Number of protein chains: 2
Amino acid sequence: MSRTAPTAALNRGSRASPKVSQNDFIYEEMLDAILEQRLAPGTKLSEDTLGEIFGVSRTVIRTVLQRLAHERIVRIQPNRGAFVSEPSPEEAREVLQARRLIEEGIIRGAVRNQSPEDIQELNQSVAAERHSLENGDHEAWVRLSGDFHLKLAEIARNQTLSAFLRELVSRTSLIIVQYQKGAVSPCSCDEHSEIIEAIAARDENRAITLMNTHLQACEDQLNLCENDTKADLYSIFAKPTRKTGKSRGAK
Amino acid sequence: MSRTAPTAALNRGSRASPKVSQNDFIYEEMLDAILEQRLAPGTKLSEDTLGEIFGVSRTVIRTVLQRLAHERIVRIQPNRGAFVSEPSPEEAREVLQARRLIEEGIIRGAVRNQSPEDIQELNQSVAAERHSLENGDHEAWVRLSGDFHLKLAEIARNQTLSAFLRELVSRTSLIIVQYQKGAVSPCSCDEHSEIIEAIAARDENRAITLMNTHLQACEDQLNLCENDTKADLYSIFAKPTRKTGKSRGAK
DNA sequence: TTTATTATTTTTGTATACAATAATTTAAAG
DNA sequence: CTTTAAATTATTGTATACAAAAATAATAAA
């Protein structure tokens, strides 16, 4: 019953690297799992189970869960446990709105502080995005797409804003997982490229407009029309116009 | 040696209130102590000591310290322990810059969503500020001054931005503690009042300008001129133009 | 007296044990 | 057969025990 196989794999190499990385490793591993949709929103994150998987005690798992909870990737219910967050439509709108605001500030900083090397790195980042999209590697693309925005934040040289954006990017991934309607996404690589061009040309206003359009496009691809679980249930079980009882056939 | 006196006081009433509040209580208590300058920047926060003070085990204290660390109020050094943060001048500038950006977004939201009741509450908040200032209650004023900004965030109805601002306000208090030069502060109540007026008049641009001025005034009152501890030591011990040794008279 | 090195103590990091709460199953009644 | 209540099981919350690391004290050498 105790599947301890993964443990060895995890501890491989931890002898050489610093001790603190055990925490960080599990954190990264869980964040990846959530953002790559291997752990769906709402999934219960049992401390015992995770402890066994990673070969550590609940103490360590608890620390990681609290960290994820502070970043709103995980929701902790007292005496109930931790679950992968299920952001509401309202929360989704909030996150996108916050991103528009913060990324505007970041673009201002990036336009100011940019170096040619920065622009080069950004272009490489978009190239990697485009490559993963052509290869149909959706998981890699999601990650790289977020990385572009984080690279932009680095160029703006404000670690405080970077940290905020990092949280927002993670939460956006979770939101996309939950509310993306229809096709995966039309290639936003071009939008990223345009933003780089505007920044390189030090055209602040254009860069900001492009970024706002980009983020709005992202929001528009979501299905945030009050589709709560509750409403869904009602609509799913709503028969034409029957109102009388005795309508429960299939278990 | 074991001073367990405070324990009783802490647990008083915890029977009736929900269990989760023990954590929150200690968190609030420590945050207050730091922001009210009873715990100076750099102070070591020993887990054992805090556990004794609050009558709980290190487990609980650790959770609280991690929470404070995530909000950058506390800095955790691996294998060394937790310390009250000592924000660098660079970090101070970052925090104020982030505040200008986020509070601009908040003002936009507040102008849009305001109700007469909101304006009334804001005015009451400023009245309380003015009152505490007249009574010379500096601690209360610091707290109330921050509360004004948080009330504004509530009106904007974006919990994500509110959470960010909450962290920034706390960090600003810590920054002021460390870098405030000269007088405590010229009454910023008037600036707050002006901002309320502009919001009530739905004059978005004026409100934003006033807020930026207000935050810039706050930053200008700080002494962020590369006065690291290192530089301080050099300047403190710098005698007119002596350069030869044997200059250590006073211990 | 100062410096270097070793031994001791203290403190953090992690695992485990126990208590409290929630979830599940079983039994009983309608 | 469904519903309700009690008993059982599982899971989280907290305290404690032990291991690892750092800080401190003590000793020895220069």
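None of these values were measured; they are calculated from a predicted model. Residue numbers start from 1 in every chain, and the chains themselves are labelled A, B, ... in the order their sequence lines are given, proteins ahead of strands.
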Just to verify, what does B:Ala128 make a side-chain contact (heavy atoms from CB on, under 4.5 Å) with, not counting sequence neighbours?
B:Leu144
Is B:Lys44 close enough to C:dT10 that one of its side-chain N or O atoms is under 4.0 Å from OP1 or OP2 there?
no
Quick one: A:Gln22 CD to C:dA15 C1', roughly how many Å, whole number?
11 Å
Using whole Å, what does the distance between atom P of nucleotide D:dT11 and atom CZ of A:Phe83 come to?
12 Å
Integer-rounded Å distance: C:dT11 C1' and B:Leu45 CG:
14 Å
Ion pair B:Glu219/B:Arg100, N-O distance below 4.0 Å:
yes
Please tell me which of the listed nucleotides, D:dA15, C:dA22, D:dA17, lies nearest to the side chain of B:Ser57?
D:dA15
How many Å lie between CG on B:Asn23 and P on C:dA20, as a whole number?
17 Å
Calculate the interatomic distance between A:Asp48 atom CG and C:dT14 atom P; express it in whole Å.
18 Å
Salt-bridge test for A:Glu91 and A:Arg72: reply yes if a basic N is under 4.0 Å from a carboxylate O, no otherwise.
no
In whole angstrom, give the distance that lies between atom CD of B:Glu47 and atom P of C:dT11.
11 Å
Between P of C:dC18 and CZ of A:Arg58, the distance in whole Å
14 Å
Tell me which of A:Ser46 and A:Thr59 sits closer to the 5' end of DNA chain D, going by the nucleotide each one is nearest to.
A:Ser46
Of A:Arg80 and A:Val60, whose nearest nucleotide on DNA chain C comes first from the 5' end?
A:Val60
B:Ala98: partners by side-chain contact (heavy atoms from CB on, under 4.5 Å), with sequence neighbours left out
A:Thr160, A:Leu161, B:Leu168
Nearest to the side chain of B:Asn79, heavy atoms from C-beta on, is which of D:dA22, C:dA22, C:dA15?
D:dA22
A:Leu65 CG to D:dT11 P: how many Å, rounded?
15 Å
OP1 or OP2 of C:dA22 less than 4.0 angstrom from a side-chain nitrogen or oxygen of A:Gln77, does that happen here?
no
Parallel, tilted or perpendicular, as decided by the 30° and 60° cut-offs, for the rings of A:Phe25 and A:Phe54:
perpendicular
